[in-house]
Amino acid sequence: MKTSKMSIIALFSSFLTGCGMLGYYVSPYEIAQVSKNNTGLCFQITKPGDYYVHYLSIRDRNAPEMSGFNRLLPALKITSNQMCIPEAYYKFPENGEINVDIALHSPTKVMKRRNIVSEFRMVNGEPQPFTPREYSVPTADYMREKE
């Protein structure tokens, strides 16, 4: 009887921690290249399918997560493989290092969530992207580059 109680406790705790028999997989961040056009700063989203922007976070690159600008369902659309942030929606600084996290969700895909990140320097109002090695989070591109 004692072992069954212990196994129930172990199973229950594995569900709470996200580990264990069912497994817990967090996909690595995908990199979104940044560019500037007349609609604002745009982020390249590969294979958007029916994904939509579920969450958007914009912060100084060295600031802690959840600081800065955070929006759930930010009402930004993915069109022509790009998600653009107009200046009227968010004004990026003229200079500094920026981290943009984008969480995409899909109502139909098996892998329903994708995590997209873009890190870049703003120099005189122009974005200058970092290389995958310079990113502060592990990305799929960096993992491929290491192999």
Quick check: closest heavy atoms across [X] and [Y], and the distance to 0.1 Å?
{"X": "Val100", "Y": "Ile98", "value": "CG2-CG2, 3.9 Å"}
{"X": "Phe43", "Y": "Ala32", "value": "CB-CB, 4.0 Å"}
{"X": "Pro107", "Y": "Tyr52", "value": "CD-CE2, 4.1 Å"}
{"X": "Ser118", "Y": "Tyr135", "value": "CA-OH, 3.6 Å"}
{"X": "Lys109", "Y": "Lys112", "value": "O-CG, 2.9 Å"}
{"X": "Phe120", "Y": "Pro127", "value": "CD1-CB, 3.9 Å"}

Distance check, rounded to the nearest 0.5 Å: [X] atom [atom1] versus [Y] atom [atom2]?
{"X": "Cys42", "Y": "Leu76", "atom1": "SG", "atom2": "CG", "answer": "10.5 Å"}
{"X": "Ile102", "Y": "Met83", "atom1": "CD1", "atom2": "CE", "answer": "3.5 Å"}
{"X": "Ser57", "Y": "Arg71", "atom1": "OG", "atom2": "CZ", "answer": "10.5 Å"}
{"X": "Ile58", "Y": "Ile85", "atom1": "CD1", "atom2": "CD1", "answer": "4.0 Å"}
{"X": "Thr131", "Y": "Ile31", "atom1": "OG1", "atom2": "CD1", "answer": "8.0 Å"}
{"X": "Leu56", "Y": "Asp101", "atom1": "CG", "atom2": "CG", "answer": "8.5 Å"}

Self-check item: Of Leu41, Thr39, Asn38, the residue whose pairing with Cys84 passes side chain to side chain contact (heavy atoms under 4.5 Å, CB included)
Solution: Thr39
What I'd like to find out is whether the side chain of [X] reaches to under 4.5 Å of the side chain of [Y], using heavy atoms alone.
{"X": "Val53", "Y": "Leu104", "answer": "yes"}
{"X": "Met66", "Y": "Arg59", "answer": "no"}
{"X": "Leu73", "Y": "His105", "answer": "no"}
{"X": "Gln82", "Y": "Ile45", "answer": "no"}

Quiz item: Which pairs pass salt bridge (charged side-chain N to carboxylate O under 4.0 Å, His left out) with one or both residues in residues 34-48, sequence neighbours excluded?
Solution: Lys36-Glu126
Where the side chain of [X] meets the backbone of [Y], is there a donor-acceptor pair that is under 3.5 Å apart?
{"X": "Asn99", "Y": "Asp60", "answer": "no"}
{"X": "Tyr89", "Y": "Pro74", "answer": "yes"}
{"X": "Glu94", "Y": "Gly125", "answer": "yes"}

Practice problem: May I ask you to check whether Asn70 and Tyr55 show a side-chain donor-acceptor distance below 3.5 Å? | Solution: yes
Quiz prompt | CD/Glu134: more than 12 non-hydrogen atoms of other groups inside 6.0 Å | solution = yes
Quiz item: So is Arg61 actually on top of Phe130's ring, under 6.0 Å and inside 45° of the axis?
Solution: yes
